[in-house]
There are 2 protein chains.
Amino acid sequence: MDKMQNLSKNQQIIFDLIDKSSEPMKAYSILHNVQKKGIKAPLQVYRALDKLVEIGKIHKIESRNAFIACHNSSCQVSKATAFSICEICEKVTEISSASLSKYLTNFKDKDGMKYSKYNLEFFGLCKKCR
Amino acid sequence: MDKMQNLSKNQQIIFDLIDKSSEPMKAYSILHNVQKKGIKAPLQVYRALDKLVEIGKIHKIESRNAFIACHNSSCQVSKATAFSICEICEKVTEISSASLSKYLTNFKDKDGMKYSKYNLEFFGLCKKCR
DNA sequence: TACATAGTGTTATATTATAACAATTTAAAT
DNA sequence: ATTTAAATTGTTATAATATAACACTATGTA
Ligand SMILES: [Zn+2]
Ligand SMILES: [Zn+2]
Ligand SMILES: [Zn+2]
Ligand SMILES: [Zn+2]
């Protein structure tokens, strides 16, 4: 489950598309964009997305049901993710803050429990939209 | 948009159901449970859910497409939410940690931007499942 | 009263995601 | 090289989640 592993044909096609996109992409939008490459069914898209998320090449933006490529070399397997989301233009940026990830990775709840994974989504207005 | 406002008939029915549930409830499960009370269509459920989220009586667990009642008196309008989610039994608990909310509310990204809202989901194993 | 806002009921439809089954490719393991 | 297991693909059908559009009713308030 290493980020550097070779991708399969469908995984590569779908990753390339998401990676080139300047905005989060939704599954059926991805499907429309790769039909000319021979990927015809939703399941082919979802399977590639599942794998790409698993190995940390992309992340799912849960509040938007959309996917972005990871550009944060330190986040290997989508176990500790944080994003900022503009509520007007829907621009999404992955946050890579060492102090934030340290704080959350070490966070213990009141029972002293630590967690193996987290996902954080911040909402506000981006620079352009303010 | 105050948590203390009176709820409409459908909102009250649906809130009561979610509030009594020990686990997050999904929209169509809610629908099945309130059909005997005269709520027959998905849209009736989704409208009530939207309103209840807006006023902070319930929260949506984004990674699960499910809803839980808020039991955190300090969280008025679902603007700063944190949950722990057990990956085995799917138990969800709302985290109310003053230091966590303080840290996240004051978090600024590298451009110095602060955000108006956040949602954080932690994943791990609950006490029972360890 | 008149008006505005919020809520309801209903049908239809859009969007997101998975089940089930068969075949093929890839990468070890012997 | 041959066997075996794991991963990937292709395909059809269907499940699960969510919204559009329209007509009507209730509620509060000026
Ligand atoms: Zn990343
Ligand atoms: Zn923006
Ligand atoms: Zn709450
Ligand atoms: Zn558990």
Side-chain angles (χ1 to χ4, degrees), chain A residues 1-18 21 23-68 77-78 90 92 121, chain B residues 1-18 21 23-68 77-78 90 92 121:
Chain A
M1 298 319 150
D2 163 7
K3 212 168 186 170
M4 288 303 142
Q5 78 184 91
N6 288 330
L7 299 179
S8 73
K9 184 178 120 262
N10 288 359
Q11 289 160 15
Q12 190 69 57
I13 290 169
I14 286 169
F15 175 73
D16 288 344
L17 178 67
I18 297 171
S21 172
E23 53 191 17
M25 294 199 73
K26 300 187 147 236
Y28 278 73
S29 159
I30 292 167
L31 177 59
H32 294 316
N33 276 279
V34 297
Q35 281 181 327
K36 47 182 171 285
K37 306 229 175 191
I39 295 175
K40 291 175 194 160
L43 197 44
Q44 294 174 290
V45 172
Y46 280 104
R47 284 196 286 224
L49 289 173
D50 285 350
K51 188 68 182 188
L52 291 167
V53 166
E54 183 189 348
I55 65 180
K57 298 278 290 182
I58 66 173
H59 301 300
K60 182 173 186 182
I61 309 301
E62 292 286 356
S63 65
R64 300 299 187 260
N65 298 318
F67 300 84
I68 66 172
V77 285
S78 302
E90 294 292 326
V92 173
E121 297 181 2
Chain B
M1 298 318 149
D2 162 6
K3 213 167 186 173
M4 288 304 142
Q5 77 183 92
N6 288 331
L7 300 179
S8 73
K9 185 178 118 261
N10 288 359
Q11 289 159 16
Q12 189 69 57
I13 290 168
I14 287 170
F15 174 72
D16 287 344
L17 179 66
I18 298 171
S21 172
E23 52 190 19
M25 294 199 74
K26 299 184 148 243
Y28 278 73
S29 160
I30 292 167
L31 176 58
H32 291 133
N33 277 279
V34 297
Q35 280 181 328
K36 48 182 168 283
K37 305 229 176 191
I39 295 175
K40 292 175 191 159
L43 198 43
Q44 295 174 289
V45 172
Y46 280 104
R47 285 196 287 222
L49 290 173
D50 286 350
K51 187 68 182 189
L52 291 167
V53 167
E54 184 190 347
I55 64 180
K57 297 278 290 182
I58 66 173
H59 302 301
K60 182 174 185 181
I61 309 302
E62 292 287 355
S63 64
R64 299 300 187 259
N65 298 318
F67 300 85
I68 66 171
V77 285
S78 303
E90 295 292 327
V92 173
E121 296 181 1

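What you see is a predicted model; the values in this text were computed from it and never measured. A note on names: the letters A, B, ... follow the listed sequences, proteins ahead of strands, and every chain is numbered from 1.
Contact between the side-chain N/O atoms of B/Lys26 and the OP1/OP2 oxygens of C/dA17 is not found at any separation under 4.0 Å. A close approach under 4.0 Å does not occur between any side-chain nitrogen or oxygen of B/Lys40 and OP1 or OP2 of C/dG9. When the side-chain nitrogen and oxygen atoms of B/Lys9 are compared with OP1 and OP2 of C/dA6, none of them lie within a distance under 4.0 Å. For the pair B/Ser8 and D/dA26, the criterion of a side-chain N or O lying under 4.0 Å from OP1 or OP2 is not met. Distances shown here put a side-chain N or O of A/Gln44 below 4.0 Å from the OP1 or OP2 atom of D/dG10.
Rounded to whole angstrom, the span from the CG atom of A/Asp50 across to the P atom of D/dT9 amounts to 12 Å. Computed from coordinates, the A/Leu31 CG to D/dG10 C1' distance equals 14 Å when rounded to whole Å. In this structure, A/Arg64 places its CZ atom 19 Å from C1' of C/dA17, rounding to the nearest Å. What separates CD of B/Glu62 from P of D/dA18 is a distance of 9 Å, to the nearest Å. What separates CD of A/Gln11 from P of C/dT25 is a distance of 16 Å, to the nearest Å. Following rounding to the nearest Å, B/Leu43 (CG) and D/dC22 (C1') show an atom-to-atom distance of 12 Å. Distance CD1 (A/Ile30) to C1' (C/dA17): 13 Å, rounded to an integer number of Å. Whole-Å rounding puts the A/Asn6 CG to C/dT25 P distance at 18 Å.
Counting only heavy atoms from C-beta outward, the side chains of B/Glu54 and B/Asp50 never approach each other to under 4.5 Å. In this structure, the side chains of A/Ile18 and A/Leu49 come closer than 4.5 Å at one or more pairs of heavy atoms. Annotation: side chain of A/Lys60 is in contact with side chain of A/Asn65 (closest heavy-atom distance under 4.5 Å). B/Ile14 is not listed as a side-chain neighbour of B/Leu7, based on a closest heavy-atom distance of 4.5 Å or more. A/Asn33 is listed as a side-chain neighbour of A/Met25, based on a closest heavy-atom distance under 4.5 Å.
Closest-nucleotide positions on DNA chain C for B/Ile39 and B/Pro42 were compared, and the one nearer the 5' end corresponds to B/Ile39. Residue-to-nucleotide proximity on DNA chain C shows that, of B/Asn10 and B/Asn65, the 5′-proximal contact is made by B/Asn10. A residue-by-residue look at A/Tyr28 and A/Arg47 shows that A/Arg47 has its nearest nucleotide of DNA chain D further toward the 5' end.
Once the 5.5 Å centre distance and the 30° plane angle are applied, the aromatic ring of B/Tyr46 is found not to be stacked with the base of D/dT19.
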